[in-house]
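Notes follow once the structure below has been shown.
Chain identifiers are assigned alphabetically (A, B, ...) following the order of the sequence lines, protein sequences preceding nucleic acid strands; residue numbering begins at 1 within each chain.
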Number of protein chains: 2
Amino acid sequence: MAPSALPSNYEDLRTVISTRHDLLSKRLRQIAEFALANPNDMALETVSVIAERANVQPSSLIRFAKAFGYDGFSTMQRVFRARLTERQPSYRERIKALKEQSDTPMSAITVLDRFTEAATHALSHLREETRPELLEQAVELLANAEWIHVIGQRRAFPVAAYLNYTLSHLDRKVSLIDSVGGMVTEQAKNISPNDLLLAVSFQSYAPDTLAIATQARQQGSKIIAITDGPLSPFAALSDVCFEVEEAQVESFRSLSACMCLSLSLAVCLGYRLDKNTNFDNLFA
Amino acid sequence: MAPSALPSNYEDLRTVISTRHDLLSKRLRQIAEFALANPNDMALETVSVIAERANVQPSSLIRFAKAFGYDGFSTMQRVFRARLTERQPSYRERIKALKEQSDTPMSAITVLDRFTEAATHALSHLREETRPELLEQAVELLANAEWIHVIGQRRAFPVAAYLNYTLSHLDRKVSLIDSVGGMVTEQAKNISPNDLLLAVSFQSYAPDTLAIATQARQQGSKIIAITDGPLSPFAALSDVCFEVEEAQVESFRSLSACMCLSLSLAVCLGYRLDKNTNFDNLFA
DNA sequence: ACTAATTTAGAAAAATCATTCTATTTGATC
DNA sequence: GATCAAATAGAATGATTTTTCTAAATTAGT
C-alpha cells in the first residue's frame with residue numbers, strides 16, 4: 001500500500017497525491033483536494049483546525065498521512081512546512097557553512113572562490129528579500145527631492161561615491177558629503193527640508209553619518225538608508241530603509257550587493273524620470 | 001510596559017522589536033536578535049527547539065512574547081507564521097508574471113532582478129576566468145611594493161576608494177590618488193620606482209589615469225591594472241592585468257565583480273603578509 | 001558594600017495536540 | 001437483502017508543548 005519512497009519535498013508529494021487521487025476512498029480524496037488547495041493550512045494549522053476546515057474528522061488526517069507512507073500526520077506536515085521555507089534556501093546557513101570550512105589554508109584562488117560564492121549568495125538574497133514597494137517608494141522620494149545628498153563613510157564610502165556617480169548622470173541635483181577637509185558639518189548644513197539624504201552605513205555605524213541623519217530627520221528632510229540589518233539605528237531614522245545582508249567570509253564583508261542595489265536604484269530613477277529616455281549614452 | 005497596539009503583521013513586529021531592542025534586558029535582547037535573524041525558526045519550531053537554537057530557556061521566550069504585549073508565545077508565533085503565507089511569490093514566479101505582461105517596460109523590481117542576475121553571471125565569470133597565478137603575482141607585487149598608489153576615476157573611483165580602504169587596514173603604505181583640488185599630477189609625482197600603481201579603469205579610459213600609468217611605467221614602477229578587457233590600453237601597460245567582465249544590462253555596467261576582486265586581493269595580501277593574522281578586527 | 005528590584009533558570013503544572021482504538025456506518029458481492 | 005470487508009466517526013488516551021511559578025542570580029541604586 002505504502003509507496004516505495006515517501007516524498008520528502010512538496011513537489012514530489014503533490015505529484016503523488018494527484019496521481020493517487022482517483023484511487024483514494026471518499027474521505028481521503030476529500031482531504032487530498034483540500035491539501036492541494038490549501039497547502040498553507042496544511043503546513044501551519046493543527047490537526048483539529050485542518051479537520052474542521054476540510055470538514056473531516058481529525059483521525060482521518062492521520063489516516064491520510066499513513067496512506068501515503070508517513071508514520072503520522074506530523075511527519076507529513078513537515079513536507080508542507082518545508083515548502084514555506086525552502087524557497088529562500090537559508091542564506092544564513094550557507095554563509096555559516098562557508099565560514100566553517102575556514103581551517104583549510106587559504107590559497108589565493110580559494111579566497112576568490114569563497115568571496116565570489118558569498119557574493120552570489122548575497123545577491124540572490126537581495127533579490128529575494130527586497131520588497132518591490134520599498135524600491136518604488138525610494139524611487140519616488142529620489143524623483144521628488146529638490147536636492148539629493150549622499151553620505152557614506154569608511155567602508156560605506158565606495159557605495160556613496162558610486163551613488164553619487166550614477167545619480168549625477170540623471171538630471172537630479174546630487175552632492176556627495178565626502179568630508180574633504182573635515183567639512184562634514186558644513187556640508188551637512190546644505191541639507192534643507194525639501195531635500196533627501198541618501199545615507200549608507202554599516203556596523204559600526206559612523207558617528208558622523210548618524211549625526212547628520214539625525215539632524216536631517218529633525219528638520220524634516222526625507223531619508224533613504226542603505227544599511228545592514230533591522231537593528232541598525234538607521235532603520236528607525238529613515239523613510240525607506242534597505243537592509244542589505246552583505247556577503248561575508250570570516251570577518252570580511254564585501255560590497256557587491258550594495259553596489260548592485262545602488263545601480264538598480266539609479267536606473268529605476270532614470271526610468272521614473274523619463275520613461276522614454278534612451279540611456280545608451282549614460283554611464284559611459 | 002506593554003505597547004498600546006500589539007503588532008499583528010511581521011513588518012510591524014520587526015519595527016517594534018528593532019525599536020525596543022536597546023531597551024531590552026540582556027536575555028530578551030538576545031532573543032530579539034535571534035528572532036530577527038531567524039524568522040523561519042520562530043514561525044515553525046516549538047518553544048523548546050527555538051530556545052535551544054537561541055541558547056535561552058524556554059520560559060524566556062514566553063517572557064519575550066509577553067514583553068511585547070502578547071498573552072503567550074503562541075500568539076506571537078502567529079505573526080511569524082503569517083509572514084510565511086503572506087510572502088510574495090518567489091523570484092521565479094515574479095519574473096514569469098513580469099515577462100507575461102511585456103508591455104510594462106521596466107518596473108522597479110524587474111530592474112533589480114536583471115541586475116542581480118547579471119551580477120551573478122559576472123561573478124561566476126570572474127571566478128572561472130581569473131588565473132590563480134595572476135592573483136598570486138599581484139599579491140606578490142603588493143607585498144613587495146614600498147608604497148601602493150591607487151587610482152581610479154569616474155566609474156572606477158568607487159573601486160579605487162574600496163581598495164584604498166581595505167589595503168590601508170593591512171600594514172601597507174597606501175595612498176589614493178583622488179584628484180581632490182585638481183592635484184592629480186602633483187599626487188602622481190609621489191610615485192617612485194619602488195612603488196606600485198594599482199590602476200582601475202574602464203572604457204572610456206580616463207585620460208588622467210592613463211597618463212599616470214604611462215608615466216609610472218616609464219620610471220619603472222610596477223603596475224597592477226583592473227580593467228575591462230584585452231583591448232584596454234592598460235593590458236599592455238601593466239605587469240599584472242585583471243580583465244573583469246562586469247555585469248551589464250543594456251548600457252549600465254555594475255561594479256559587483258570588481259568589488260569582489262578587490263576584496264579578495266586585499267584578503268590574499270593579508271594572508272600573504274602574515275599567515276597567522278587574526279583579521280577579526282580588520283574591516284570593521 | 002549592602003539592599004531592593006529586576007531578571008533569569010529550571011522544574012512542575014496545565015493545556016493542547018496528535019494519535020489510537022472501537023463501535024458504527026458504508027458499500028460491495030453473492 | 002444478507003454477509004463481509006473496508007472506511008469512518010468520535011471519544012479516549014498518551015505524548016508533547018506551552019505556560020506558570022519559585023528559588024537563585026544578576027543588576028542598579030544608595
Side-chain angles (χ1 to χ4, degrees), chain A residues 1-3 6 8 13 16-17 20-35 38-82 84, chain B residues 1-3 6 8 13 16-17 20-35 38-82 84:
Chain A
M1 170 174 274
L6 86 177
S8 61
L13 179 53
V16 175
I17 294 179
R20 291 187 44 195
H21 175 264
D22 298 332
L23 308 170
L24 292 171
S25 73
K26 186 175 140 205
R27 202 45 43 94
L28 296 194
R29 201 178 323 135
Q30 185 181 340
I31 295 174
E33 280 153 20
F34 180 88
N38 306 74
N40 286 346
D41 283 351
M42 293 295 282
L44 295 177
E45 302 300 331
T46 66
V47 169
S48 57
V49 171
I50 300 169
E52 201 187 325
R53 298 213 177 139
N55 285 309
V56 297
Q57 286 295 320
S59 56
S60 303
L61 287 170
I62 283 99
R63 282 192 296 121
F64 180 77
K66 292 194 169 173
F68 284 92
Y70 299 94
D71 64 3
F73 181 79
S74 307
T75 321
M76 172 183 256
Q77 196 175 38
R78 272 196 220 119
V79 179
F80 283 95
R81 292 192 166 184
L84 292 175
Chain B
M1 168 173 272
L6 87 177
S8 62
L13 178 55
V16 175
I17 293 178
R20 290 190 42 197
H21 173 263
D22 298 331
L23 308 170
L24 293 171
S25 73
K26 187 174 140 204
R27 203 44 44 93
L28 296 193
R29 200 176 326 133
Q30 185 181 342
I31 295 174
E33 278 153 27
F34 181 88
N38 307 72
N40 284 349
D41 283 352
M42 292 296 282
L44 294 178
E45 302 300 332
T46 67
V47 169
S48 57
V49 172
I50 299 169
E52 203 185 324
R53 300 215 175 136
N55 285 308
V56 298
Q57 287 292 321
S59 56
S60 302
L61 288 170
I62 284 97
R63 281 192 296 121
F64 180 75
K66 291 196 169 172
F68 285 92
Y70 299 94
D71 64 2
F73 181 79
S74 308
T75 322
M76 172 182 257
Q77 195 175 39
R78 270 195 222 121
V79 178
F80 283 95
R81 292 192 166 180
L84 291 176

Expressed in angstrom and rounded to an integer, what is the separation of [X] atom [atom1] from [N] atom [atom2]?
X: B/Arg78; N: D/dT17; atom1: CZ; atom2: P; value: 18 Å
X: A/Gln30; N: D/dT8; atom1: CD; atom2: P; value: 9 Å
X: B/Ile50; N: D/dT18; atom1: CD1; atom2: C1'; value: 11 Å
X: B/Lys26; N: C/dT8; atom1: NZ; atom2: P; value: 8 Å
X: B/Leu24; N: D/dT26; atom1: CG; atom2: C1'; value: 17 Å
X: A/Asn55; N: D/dT8; atom1: CG; atom2: P; value: 14 Å
X: B/Lys66; N: C/dT8; atom1: NZ; atom2: P; value: 15 Å
X: B/Phe64; N: D/dT20; atom1: CZ; atom2: P; value: 17 Å

**Report entry** Any donor-acceptor N/O pair, B/Gln57 side chain to B/Ala51 backbone, under 3.5 Å
**Finding:** no
**Report entry** Listed partners of A/Glu45 passing salt bridge (charged side-chain N to carboxylate O under 4.0 Å, His left out), at least two apart
**Finding:** A/Arg53
**Report entry** Sequence-distant partners of B/Phe73, ring-ring contact (aromatic ring centres under 6.0 Å, His included), two or more places apart
**Finding:** none
Query - Qualifying residues under ring-ring contact (aromatic ring centres under 6.0 Å, His included), relative to B/Phe80, sequence neighbours excluded - result: B/Tyr10
Report task. Output all residues satisfying side chain to side chain donor-acceptor pair (under 3.5 Å) with A/Arg63, sequence neighbours left out; order by chain, then residue number. Result -> A/Ser60
Requested in this report: Ignoring backbone atoms, establish whether A/Arg63 has a side-chain N or O less than 4.0 Å from OP1 or OP2 of D/dA7.
Outcome: no
Query raised in the report: Sequence neighbours excluded, which residues qualify as side-chain contact (heavy atoms from CB on, under 4.5 Å) partners of B/Glu52?
Result: none
Identify each atom pair where a protein N or O and an N or O of nucleotides 11-18 of chain C are less than 3.5 Å apart, giving names and distance.
from   : atom 1 : to      : atom 2 : distance (Å)
C/dA18 : OP1    : A/Val47 : N      : 3.2
C/dA18 : OP2    : A/Val47 : N      : 2.8
C/dA18 : O3'    : A/Ser74 : OG     : 3.2

